[in-house]
Amino acid sequence: MSNKHSEILFRVASETLETLAFLFSMPSDGEMLSADSGPAASISFSGSPTGRIILLISENTLVQIAANMLGVDEDEEIAVVKQHDALKEFLNVLCGNLLPELADEKETISIGIPEMLSNDELDRWLKEKSVDSKTTLCLDEGQADLYLFIEGNY
Amino acid sequence: MAFNVLVVDDSSVMRAMIIKTLRMCEVDIGEIHQAGNGKEGLGTLQENWIDLVIVDINMPIMSGLEMIGQMEADPLTEKIKIIIISTEGNNPRVEGLKEKGVRFIHKPFTPETIRDVIFDVMETSNEQQT
Ligand SMILES: [Mg+2]
């Protein structure tokens, strides 16, 4: 596992969250969420490197992110599709900002379309693939876990 | 002169964020239209008078770059002002478009950035008209 990548992952994710949703996060040494503890989304990228980022998040934290992105009150009900949309867009922006830090600036890496992951799919990824790096963002009402998978040796 | 704007992004939450920022800008915005991908965006352009297109790159069905390519090839849409809002600033195609006057806003953005670019685009457009 790459510690250097974990640090970059945390920094880019927390900066993205701060600008996108005005939320501050702290690193955590605690446990990662279990696969069934909240919604998860995934985005792939291809080029040099090729891989995938998976984001698993506590429900309360996602509501907070969606409410802030939309500029509505947290008590206001936000449809699940909107919450998932917010999660996927957060991941999309995070991925676009992370890749230039992992690769050569001049390298063009194409980014896939973010999608929601079912519990089973998430479980399979976490059990069957070897993760390059991971990090946790701790927020007021929960946490967001990020996993970076990279194909081959990078 | 009020500006009619088309916002093209596959994320409805991102579209809402952009539109909210547009409404906060103290500029004369007319109609605001939305589309979820480049193809829908081109359809909206056929049916409405649009002065400014704000477009994402990474979208399913038709990407923003493909949409811009088709706009450039059509005499009816080639002169419409374009602002790209995307994470992908280091794409060589984007570099080429910037040289042609297309503006670029990096995601994540602050409302101030959008406001400044909008002001700028509208000002140049008004100068060109007078
Ligand atoms: Mg997009």
Side-chain angles (χ1 to χ4, degrees), chain A residues 12-23 41 43-48 53 62-63 65-72 76 78-116, chain B residues 7-25 32 34-40 54-67 84-98 104-117:
Chain A
V12 175
S14 57
E15 284 170 5
T16 302
L17 201 56
E18 203 181 310
T19 316
L20 200 62
F22 323 106
L23 289 171
I43 192 165
S44 63
F45 51 88
S46 60
S48 169
I53 306 171
L62 178 55
V63 171
I65 292 175
N68 284 13
M69 283 173 79
L70 289 164
V72 300
E76 209 170 297
I78 301 170
V80 174
V81 264
K82 286 263 173 206
Q83 293 181 31
H84 290 180
D85 185 304
L87 183 65
K88 287 187 284 182
E89 185 61 7
F90 168 41
L91 186 57
N92 176 53
V93 177
L94 160 62
C95 183
N97 283 279
L98 180 76
L99 294 177
E101 302 234 10
L102 294 182
D104 186 345
E105 275 269 8
K106 288 179 205 80
E107 197 75 48
T108 306
I109 303 169
S110 60
I111 301 176
I113 303 295
E115 54 193 13
M116 298 303 293
Chain B
V7 180
V8 191
D9 197 305
D10 56 325
S11 163
S12 68
V13 172
M14 181 51 74
R15 292 199 303 270
M17 289 176 79
I18 295 169
I19 290 169
K20 198 166 160 234
T21 314
L22 285 175
R23 296 222 161 98
M24 287 185 332
C25 294
I32 299 179
Q34 304 186 40
N37 61 64
K39 195 169 171 226
E40 271 183 31
I54 299 180
V55 61
D56 179 28
I57 292 182
N58 191 19
M59 295 183 288
I61 302 169
M62 186 190 282
S63 76
L65 291 176
E66 235 180 299
M67 177 184 171
I84 297 175
I85 300 195
S86 168
T87 60
E88 292 159 79
N90 62 343
N91 183 315
R93 178 79 209 287
V94 174
E95 286 305 321
L97 288 169
K98 280 192 220 165
F104 181 85
I105 295 174
H106 186 87
K107 276 185 193 173
F109 50 79
T110 60
E112 292 76 24
T113 313
I114 294 207
R115 189 198 54 201
D116 292 350
V117 174

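Predicted model, so just to flag it, every value in this text is computed and none were measured. Below, chain A is the first sequence line, B the second, and so on; all start at residue 1.
Pairing each heavy atom of A:Asn97 with each of B:Lys107, the nearest pair is ND2-O, 3.0 Å. Residues B:Met14 and A:Leu20 come closest through the heavy atom pair CE-CD1, 3.9 Å. Of all heavy-atom pairs spanning B:Met17 and A:Met69, the tightest one is CG-O, 3.0 Å. Across every non-hydrogen atom of B:Met59 and A:Ile113, the tightest pair is C-CD1, 3.5 Å.
In summary, of the residues considered (B:Thr87, B:Asp10, B:Asn58, B:Asp56), a side-chain hydrogen bond (donor to acceptor under 3.5 Å, both in side chains) with A:Asn92 occurs for B:Asn58 alone. Checking each of A:Leu94, A:Thr19, A:Leu17 against B:Pro108 for a side-chain contact (heavy atoms from CB on, under 4.5 Å) leaves exactly one that passes, namely A:Thr19.
Legend: residues meeting side chain to side chain contact (heavy atoms under 4.5 Å, CB included) with A:Lys82, ordered by chain and number and at least two apart, are A:Leu70, A:Ile78, A:Ala79, B:Ser12, B:Val13.
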**Request:** Decide yes or no on side chain to side chain donor-acceptor pair (under 3.5 Å) for A:Asp85 and B:Ser11, but give the supporting numbers first.
**Result:** CA-CA 6 Å; A:Asp85 185 304; B:Ser11 163; 2.5 Å; yes
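Pairs engaging residues 13-25 of chain B under the side chain to side chain donor-acceptor pair (under 3.5 Å) rule: B:Arg15-B:Gln34 [sequence neighbours left out].
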